[in-house]
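A short write-up of the structure that comes next.
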Amino acid sequence: MPDITLPDGSIKNFDKDVSIADVALAIGSGLFKVAVAGCIDGVLYDTSHIIKNNIKLSIITSQTDEGVQIIRHSTAHLLAHAVKQLYPKVQVTIGPVIDYGFYYDFATSEPFTPEDLTKIENKMQELVKKDIPLIRTEMNLTDVIDYFNGINETYKTKIIADLDKNQPISLYTQDDFTDLCRGPHVPSTGFLGHFKLTKIAGSYWRGDSNNEMLQRIYGVAFSHKKQLKQHLNKLDEAKKRDHRKLATALNLFHLQPESPGMVFWHNDGWIIYNIIVDYIRKILNEKNYTEVRTPEMVDRSLWERSGHWDKFKEQMFTTSVENREYAIKPMNCPCHIQIYNTTLTSYKDLPLRMAEFGSCHRNEPSGTLHGLMRLRNFIQDDAHIFCSKEQISSEVLAFIDLVYEVYRHFGFNEIEVALSTRPAKRVGDDKIWDEAEKALEDALQKKQIKYEIKPGEGAFYGPKIEFSLKDCLDRVWQCGTMQVDFSMPGRLDATYIDKNGDKKTPVMLHRAILGSIERFIGILIEHYAGKLPFWLAPVQVIIANISEQQQDYASEILQELKKLNIRAKSDFSNEKISYKIRKACNNKTPFMMIIGDKEMESGTITARSLSGENKEFSSVKDFKIFG
RNA sequence: GCUGGUGUAGCUCAAUCGGUAGAGCAGCUGAUUUGUAAUCAGCAGGUCGCGGGUUCGAUUCCCAUCACCAGCUCCA
């Protein structure tokens, strides 16, 4: 005879054991219709779960986050169900929930086609209409293995092998389809329906590229049609922000097959590039960095000593000249140590901060190249800080502040931070790694920054803090980084003289704020949908005349703007003003100054912002950005 | 690198069930002299990604290759 306490504190009493669904119905039929699960003591259960004891219960509806997660999970099962009905030979593997939806990996010799996707989607809708109940059963391990072997689902038996052998294993059955699953699930397929299959792709069994390839189907799912529609619209909008499309439209750069992963910067793109470099250079000067420039191509022997030849060889471009083998630099660090080593350094000189806008080449796998985001040649706002162990903490802390300051200046507030720890392929002993990882972790905790730990993802010479930004399709790209390196200075014989006159090996901090300048520009373009803020816009002002009579006067205005270091251009073409405005808007130029007889007579200027707002100024000198 | 898809004019996209391609925008020329998101007309523009094969004939079919797109794996 359970007493059930609801979240509002009220207690429902029942004279017999009840299911969560019964409780929902007792509260109201409206709630019953949207109840997808129940939560007891923080654990989620199906609505069919029978309650025997006095407990606290909250009903999970399709309106809540948890409810939507369950809907997505059940939709993945629905997808597998539909696929099995249409293609009985296909084997099912796993189907987890992801942001906005789900995917399901299938093992099949015949890959799915886009036409299949439509067919599968229709079949899924058919199953939704039938409102098939999802029934949970439990079995012991051997029975489950027998069952899946019996229906020739060998991947399922492999998954079961990894499960806890002492726990009963739960299965969910909908009609003729049964899947291994922890649950919970919606009561019946009628709770689903607001989904769309979005893409087909290959994936590896257990995420290992040595394993066989599976066929993955991605989908999005929501509890309401409106949300699904909104999401699909958002994706469409996001595609319009794609930096590759915008860069073509705005004539910023291009890529071509003869040099995959390497950029041809056009004038306007290169202007943006230089503005960014100038800004960073100014910041570095304030923060007491020096700037250097080192060779692009260095003899193999240096890379052997630095450890790159051993750990990084596949990703380096090499070339031979006069029987000597060279590598085009993938990183600047060994070269910076060469400069460091040319002078005898005292502990008083530390920390020594050496920056370079260094061009790096890395032989990235062809399938990973992606616009400006993933290139084979890019320039980093790289620097190496040579310091003593005692100085690590303050340098890392100062750098974290600097990263946030710079990102804010560019208009970014959403920054993801991760700590990547020692990889399998590495140099330096574990004691050194312990110290290095701790140094970074302490700094993050001191700054009270939320971060994710990525085990095994550090650089081969040291752990790193990663600062990442998202692109328009929510893909995360690492930009800034701070890496502690106790190994390379020693390998390349860097030393300093300490207080007692003894030779010591400095610690080296590898750090970049923007990371790759190219990638950062890609993210900027998408972040602003091409409408860069005034200080970054390659063309800041377009002067347009109404008719030919004002052309000379407009030319004078143009010259005045240029004298004020404003990047201005003219549009004196034989077009109507509305056409010129349209053109400037399409080019995302922040301001126009339209010169007609009125302006010529009064000597004033009227500026028009990209959003269409007009403001009058008494002279060019008085012009201030607005809007 | 792996799986699947795509590749036609500067851009966005048609067409040809095998008979060497067409539109809009951009460009150029001319007319128009215009007041806040497209004035009109004309012209020019393509070895149909590159290389083979089949065929009387290939942009179209087949093979190979390169690049791009999506995802996976990787990623400093």
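These numbers come from a predicted model, not from an experiment. Each chain gets a letter, A, B and so on, in the order the sequences are listed, and its residues count up from 1.
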So, are Arg374(A) and Glu364(A) salt-bridged, with charged N and O less than 4.0 Å apart? yes
Return the value, rounded to whole Å, for the distance between atom CG of Asp268(A) and atom C1' of G10(B). 16 Å
Can you tell me how far P in G57(B) sits from the matching atom in G18(B), rounded to whole Å? 16 Å
Ring centre gap for Phe102(A) and Tyr104(A) strictly below 6.0 Å: no
Let's test this: given Watson-Crick or G-U wobble pairing with both distances under 3.5 Å, identify the partner of C25(B). G10(B)
Both Phe378(A) and Pro114(A) contact RNA chain B. Taking the nearest nucleotide for each, which residue is further toward the 5' end? Pro114(A)
Using atom C1' in both nucleotides, what's the gap between A9(B) and G4(B) to the nearest angstrom? 29 Å
Quick one: Phe460(A) CZ to C74(B) P, roughly how many Å, whole number? 19 Å
Using atom P of each nucleotide, how far apart are A14(B) and G24(B) to the nearest Å? 16 Å
Rounding to the closest angstrom, what is the interatomic distance between C17(B) and U12(B) at atom C1'? 27 Å
Quick one: look up who A31(B) pairs with, Watson-Crick or G-U, both distances under 3.5 Å, and put none if it's unpaired. U39(B)
Which heavy atom of Leu369(A) sits nearest a heavy atom of Leu375(A), and at what distance? CD2-C, 4.2 Å
Listed nucleotide nearest any side-chain atom of Ser547(A), set C72(B), G4(B), U34(B): U34(B)
Does a side-chain N or O from Arg475(A) land closer than 4.0 Å to OP1 or OP2 of G71(B), or not? yes
is_close_aromatic(Phe253(A), His266(A)), centroid dist under 6.0 Å: no
Taking only the C1' atom of each, what is the distance from G49(B) to A67(B) in whole angstrom? 8 Å
Which atom of Leu246(A) lies closest to which atom of Gly530(A), heavy atoms considered: CD1-N, 3.7 Å
Contact state string [nucleotides 35-46 of chain B, B base, S sugar-phosphate only, - no protein heavy atom under 4.0 Å]: BBBBB-------
Just name whichever nucleotide pairs with G45(B), Watson-Crick or G-U, keeping both distances under 3.5 Å, else none. none
Taking for each residue the nucleotide of RNA chain B bearing the nearest heavy atom, is the 5' side occupied by Gly367(A) or by Asp242(A)? Gly367(A)
Just to be sure I understand the rule, does Ser203(A) reach a base, reach only the sugar-phosphate, or reach nothing, if contact means heavy atoms closer than 4.0 Å? sugar-phosphate
Touch class at under 4.0 angstrom, heavy-atom based, for Phe572(A) against every strand present: nothing
On a whole-Å scale, what distance lies between the P atoms belonging to G22(B) and A31(B)? 31 Å
Would His510(A) and Tyr461(A) count as a close aromatic pair, with their ring centres under 6.0 Å? yes
Which part of the nucleic acid, if any, lies within contact of Gly515(A), taking any heavy atom under 4.0 Å across all strands shown: a base, the sugar-phosphate backbone alone, or nothing? nothing
Looking at Glu441(A) and Lys438(A), is any side-chain nitrogen of the basic one under 4.0 Å from a carboxylate oxygen of the acidic one? no
Partner nucleotide of C2(B) by Watson-Crick or wobble geometry (both distances under 3.5 Å): G71(B)
Base C72(B) to side chain Arg206(A), donor-acceptor N/O within 3.5 Å cut-off: no
At under 4.0 Å, does any side-chain N or O of His370(A) touch on OP1 or OP2 of G71(B)? no
Provide, to the nearest angstrom, the distance between the NZ atom belonging to Lys454(A) and the C1' atom belonging to C75(B). 10 Å
Pairing donors with acceptors under 3.5 angstrom, does anything connect the side chains of Gln256(A) and His254(A)? yes
Gln215(A) CD to A70(B) P, straight-line distance once rounded to whole Å: 18 Å
Spacing of the C1' atoms in A70(B) and U34(B) (rounded, Å): 48 Å
Does the separation of the ring centres of Phe520(A) and Phe412(A) fall below 6.0 angstrom? yes
Work out how far the C1' atom of U59(B) is from that of G51(B), and round it to whole angstrom. 15 Å
Are Phe591(A) and Phe623(A) near enough that their ring centres are under 6.0 Å apart? yes
By side-chain hydrogen bond (donor to acceptor under 3.5 Å, both in side chains), Glu121(A) pairs with (sequence neighbours left out) none
Does U55(B) have a Watson-Crick or wobble mate here (both distances under 3.5 Å), and if so which one? none
Considering every strand and a 4.0 Å limit on heavy-atom distances, what is the contact class for Arg244(A): base, sugar-phosphate, or nothing? sugar-phosphate
Report the distance from atom OH of Tyr204(A) to atom C1' of G4(B), rounded to the nearest whole Å. 12 Å
Base, sugar-phosphate, or nothing for Tyr103(A), non-hydrogen atoms under 4.0 angstrom? nothing
Just by protein heavy atoms under 4.0 Å, how would nucleotides 62-67 of chain B read 5' to 3' in B, S and -? -----S
Nucleotide G71(B), atom P - distance to CZ of Phe106(A) in whole Å: 19 Å
Give a yes or no answer on whether the side chain of Glu435(A) reaches the backbone of Ile432(A) with a donor-acceptor pair at less than 3.5 Å. no
Interatomic distance, Lys245(A) NZ vs C69(B) C1' [rounded to whole Å]: 11 Å
Whole-Å gap separating P (A70(B)) and CE (Met213(A)): 16 Å
